[in-house]
Amino acid sequence: MQRTLIKDLPNHIGEEVKVQGWLQTLRDQKSMQFLILRDKTGLVQVAHWKKGNPKLAETISALGTESALTIIGKVVANEVVRLGGLEIQLEELKVEGLAETPLPFDPFNEVLPDQDFRLDWRYLDLRRERNRLIIEVQTTLEAAMRTYWLDHDFIEIHSPKILGAASESGAELFSLKYFETTAYLAQSPQFYKQMAMAAGFERVFEIGPVFRADPSFTSRHMTEFTGVDMEISWIESHEDVMVFIENWLAYCYAEVKVKHGEQIKQHFGVELTVPTVPFPRLTMAEAYEVLKSLDYSLPPEQKGDLDPGAERALGKYIKDSYDNDFVFVTDWAFSVRPFYHMLHEDNPLLTKSFDLLGKGLEITTGAQREHRYEVLASQAQQKGLSLEPIQDYLNFFRYGCPPHGGFGLGLSRLLMIMMDLPTIREAVYLFRGPNRLRP
RNA sequence: GGGGGCGUGGUGUAGUGGUCUAACAUGUGGCCCUGUCAAGGCCAAGAUCGCGGGUUCAAAUCCCGUCGCUCCCGCCA
């Protein structure tokens, strides 16, 4: 017998059906038992007259909430039933997976345990439609990203996550034992996507894990997260990269809105708006002017940088004056950027780089990269880096590398701002942080 | 790494020097109820108040240490 999804039951009135799902509630009365069964598509009431099958009644009485069940019964229309005006009259029931009692917590209760406890039992928390929706949105989002890339002649790469040497700064790398030597977990696919430019791939993307050994205790940091990276060749400046991002993101938002807009509104109270392009752009110098006019004072040690408060203030300013959730902050000082960002021809103190803020949160960093070997090596030295550990990387630029640029985006951070999630721990399937390595 | 906050039955909270032999909700177990539907009613079990030390006649409550969680900052996506 084929399984019927709960949402399709109205089309099966009068028929015998098989339904599979979880026992959300059991109302066990003297002569009747009512089981509320839940599958991915909805809830249905299953009614059982105890005297009709006393043995089955006993089995049902022993069921713990959230047990996984297969039931067979007849669908009948019944106006009295508040849940959809129909119910299933139970004929057969199979306990596929008994739920122990009591549950660590009831995911469908009005009050929930704090998040750390729920993370211990993440799969129970994920039984809530709201939480599954977040991962469904992620699925749609990634699919839209890929569709857009593929429509624009991109090649997908998967770069190694085990590295023999520190890549960028080396500060926030996890090290691990690798046979007789030490290896590191990649903190970004940066170098390898640039290698694809040297390889002549012209346009590449990668969605993959990224590891950061930063003991950051905030609502927006993880030690392992999914990085969305992209790199394109033959650009004239970082502006070309920004133009690509804004159109790409607008496309992705539109796809998510079509598919999940209603659910997002229902569960998170957020009216998902497809951002208008182009996104506002502020040079770092202009951003400082704006902050000054807002009376936001940056700590003096933040010279050339933005702190999270400044990012939020800018985000609000852009929302108020341009009605856009996004803003590019461009032309950051070389002093606060990595060595491989290209410098402005007319101002060697500034890089051809940008951050993308979404609702005041940093979700993306990008730049035109320096593709000229000698210049790149010199910039690395200016940063006090020794060339030897990065020689493999520098070699990418020795035999004809085109001008190029790209960006890295935090997938969960994007989901966070899409649905106004209070913490990144909700935006990810399983959170990994300095003190969270399980389940 | 720096700073703030919190830690009470399974879970969420109340209690912030004595009336705490720790309360309420929810969950769990039992009984009752002609079909319930956020079901309802009755009963029961369940907490050495994170841990260790101290102050006091008296500590869940104050102090110190410690562990855990959390928020902010640093760092970043």
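Since the structure is predicted, the reported quantities are computational estimates derived from the model, not experimental observations. Labels below follow one simple rule: chain letters A, B, ... track the order of the sequence lines, proteins then strands, and each chain is numbered from 1.
- Between Phe326(A) and Tyr253(A), the ring planes lie perpendicular to each other; the angle is over 60°, past the 30° to 60° tilted range.
- In this structure, CD of Glu224(A) is placed 16 Å from C1' of rC76(B), rounded to the nearest angstrom.
- Ranking rG1(B), rC72(B), rU34(B) by closeness to the Pro215(A) side chain, first place goes to rG1(B).
- If you take atom P in rA60(B) and the same atom in rG17(B), they sit 13 Å apart, rounded to whole Å.
- When heavy atoms are screened at a 4.0 angstrom cut-off, Asn435(A) is found touching the sugar-phosphate backbone but no base atom.
- Between Ser216(A) and the phosphate of rC75(B), there is no side-chain N or O to OP1/OP2 separation shorter than 4.0 Å.
- Not one side-chain nitrogen or oxygen of Gln45(A) sits closer than 4.0 Å to the OP1 or OP2 atom of rC37(B).
- Protein atom CG of Asp28(A) is 14 Å distant from nucleotide atom P of rU34(B), rounded to whole Å.
- Looking at heavy-atom distances under 4.0 Å, Gln33(A) makes no contact with the nucleic acid at all.
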- Intra- and interstrand pairs of RNA chain B - dot-bracket, Watson-Crick/G-U under 3.5 Å, | marks other strand: ((((((((.[[[[.)..(....]]]].(((((.......))))).....[[[[[..)....]]]]])))))))....
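- A donor-acceptor pair shorter than 3.5 Å cannot be found between the side chains of Tyr192(A) and Glu206(A).
- Other residues, nucleotides and ligands place more than 12 heavy atoms under 6.0 Å from the CH2 atom of Trp248(A).
- Phe117(A) comes within contact range of the sugar-phosphate backbone alone, with a heavy-atom separation under 4.0 Å but no base atom that close.
- Within the nucleic acid shown, Asp116(A) comes within 4.0 Å of sugar-phosphate atoms alone, with no base atom in reach, counting heavy atoms only.
- For rC73(B), the OP1/OP2 oxygens have a side-chain nitrogen or oxygen of Arg312(A) closer than 4.0 Å.
- In terms of position along RNA chain B, the nucleotide closest to Val80(A) lies nearer the 5' end than the nucleotide closest to the other residue of the pair Val80(A) and Pro422(A).
- Look at CD1 on Ile207(A): it is 17 Å from P on rA77(B), rounded to the nearest Å.
- Here rU11(B) presents its C1' atom at 13 Å from CG of Asp125(A), a figure rounded to the nearest Å.
- Residue Leu112(A) is classed as a sugar-phosphate contact, given heavy-atom separations below 4.0 Å to backbone atoms only.
- Using a 4.0 Å cut-off, no side-chain N or O of Arg220(A) falls inside it from OP1 or OP2 of rC75(B).
- The side chain of Asn109(A) contributes no N or O atom lying less than 4.0 Å from OP1 or OP2 of rG27(B).
- Straight-line distance between the P atoms of rU8(B) and rU70(B): roughly 14 Å, to the nearest whole Å.
- Residue contacts shown for Val210(A) are absent, as no nucleic acid heavy atom lies under 4.0 Å away.
- Set against rG74(B), rG29(B), rC76(B), the side chain of Asp307(A) has rG74(B) as its closest nucleotide.
- Not counting sequence neighbours, Asp8(A) has no partner by the salt bridge (Lys or Arg N to Asp or Glu O under 4.0 Å) test.
- Tyr148(A) and Tyr251(A) have tilted rings, their planes meeting at an angle from 30° to 60° on a 0 to 90° scale.
- In this structure, the nucleotide among rC73(B), rU28(B), rU36(B) sitting nearest to the side chain of Thr218(A) is rC73(B).
- Relative ring orientation between Trp149(A) and Phe154(A) is described as tilted, the plane-to-plane angle lying within the 30° to 60° band.
- OP1 or OP2 of rC72(B) lies within a sub-4.0 Å distance of a side-chain N or O belonging to Ser219(A).
- Rounded to whole angstrom, the span from the CD atom of Gln115(A) across to the P atom of rU70(B) amounts to 8 Å.
- The Gln29(A) side chain lies nearest to rU36(B) when the options are rU34(B), rC71(B), rU36(B).
- Here rC75(B) is the nucleotide among rC75(B), rU28(B), rG1(B) with the atom lying nearest to any side-chain atom of Asp214(A).
- At whole-Å resolution of the value, CG in Leu43(A) and P in rA38(B) are 12 Å apart.
- Side-chain atoms of Glu172(A) lie closest to rC75(B) of the nucleotides rA77(B), rG12(B), rC75(B).
- The gap from the C1' atom of rC62(B) to that of rG15(B) amounts to 16 Å, rounded to the nearest Å.
- Rounded to whole Å, the P atom of rA45(B) lies 39 Å from the corresponding atom of rU56(B).
- A distance-only check finds a donor-acceptor pair linking the side chain of Asn324(A) to the backbone of Thr276(A) [under 3.5 Å].
- For His221(A), the side-chain atoms get nearest to rA77(B) when compared with the rest of rU36(B), rG27(B), rA77(B).
- Listed nucleotides: rA39(B), rC76(B), rG35(B). Nearest to the side chain of Arg27(A): rA39(B).
- A straight line from CG of Asp305(A) to C1' of rA77(B) spans 14 Å, rounded to a whole angstrom.
- If you check the side chains of Asn53(A) and His48(A), you find no donor sitting under 3.5 Å from an acceptor.
- Ranking rU36(B), rU34(B), rA39(B) by closeness to the Thr25(A) side chain, first place goes to rA39(B).
- The residue Gly408(A) sits close only to the backbone: its heavy atoms come under 4.0 Å of sugar-phosphate atoms, none of a base.
- Judged by centroid separation below 5.5 Å and plane tilt below 30°, Phe34(A) stacks onto the base of rU36(B).
- Residue Thr226(A) is classed as having no contact, given no heavy-atom separation below 4.0 Å to the nucleic acid.
- For Arg82(A) and rA38(B), the shortest distance from a side-chain N or O to OP1 or OP2 is below 4.0 Å.
- For Arg425(A), a side-chain nitrogen or oxygen approaches OP1 or OP2 of rC71(B) to under 4.0 Å.
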Compile the donor-acceptor pairs under 3.5 Å between side chains in residues 129-147 of chain A and protein atoms, sequence neighbours left out, one pair per line.
| unit_1 | atom_1 | unit_2 | atom_2 | d |
| --- | --- | --- | --- | --- |
| Glu129(A) | OE2 | His267(A) | NE2 | 3.4 |
| Arg130(A) | NH1 | Glu426(A) | OE1 | 3.3 |
| Arg130(A) | NH2 | Glu426(A) | OE1 | 2.8 |
| Asn131(A) | ND2 | Asp125(A) | O | 2.9 |
| Asn131(A) | ND2 | Asp125(A) | OD2 | 3.4 |
| Arg132(A) | NE | Glu136(A) | OE2 | 3.4 |
| Arg132(A) | NH2 | Lys40(A) | O | 3.0 |
| Thr139(A) | OG1 | Ile135(A) | O | 2.9 |
| Thr140(A) | OG1 | Glu136(A) | O | 3.2 |
| Thr140(A) | OG1 | His260(A) | NE2 | 2.6 |
| Arg146(A) | NE | Glu156(A) | OE1 | 3.4 |
| Arg146(A) | NH2 | Glu156(A) | OE2 | 2.6 |
| Thr147(A) | OG1 | Ala143(A) | O | 2.9 |

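- Regarding contacts with the backbone of rU28(B), a side-chain N or O of Thr65(A) is found under 4.0 angstrom from either OP1 or OP2.
- With Phe328(A) as the fixed residue, the ring-ring contact (aromatic ring centres under 6.0 Å, His included) test singles out one of Tyr322(A), Phe407(A), Phe354(A): Phe354(A).
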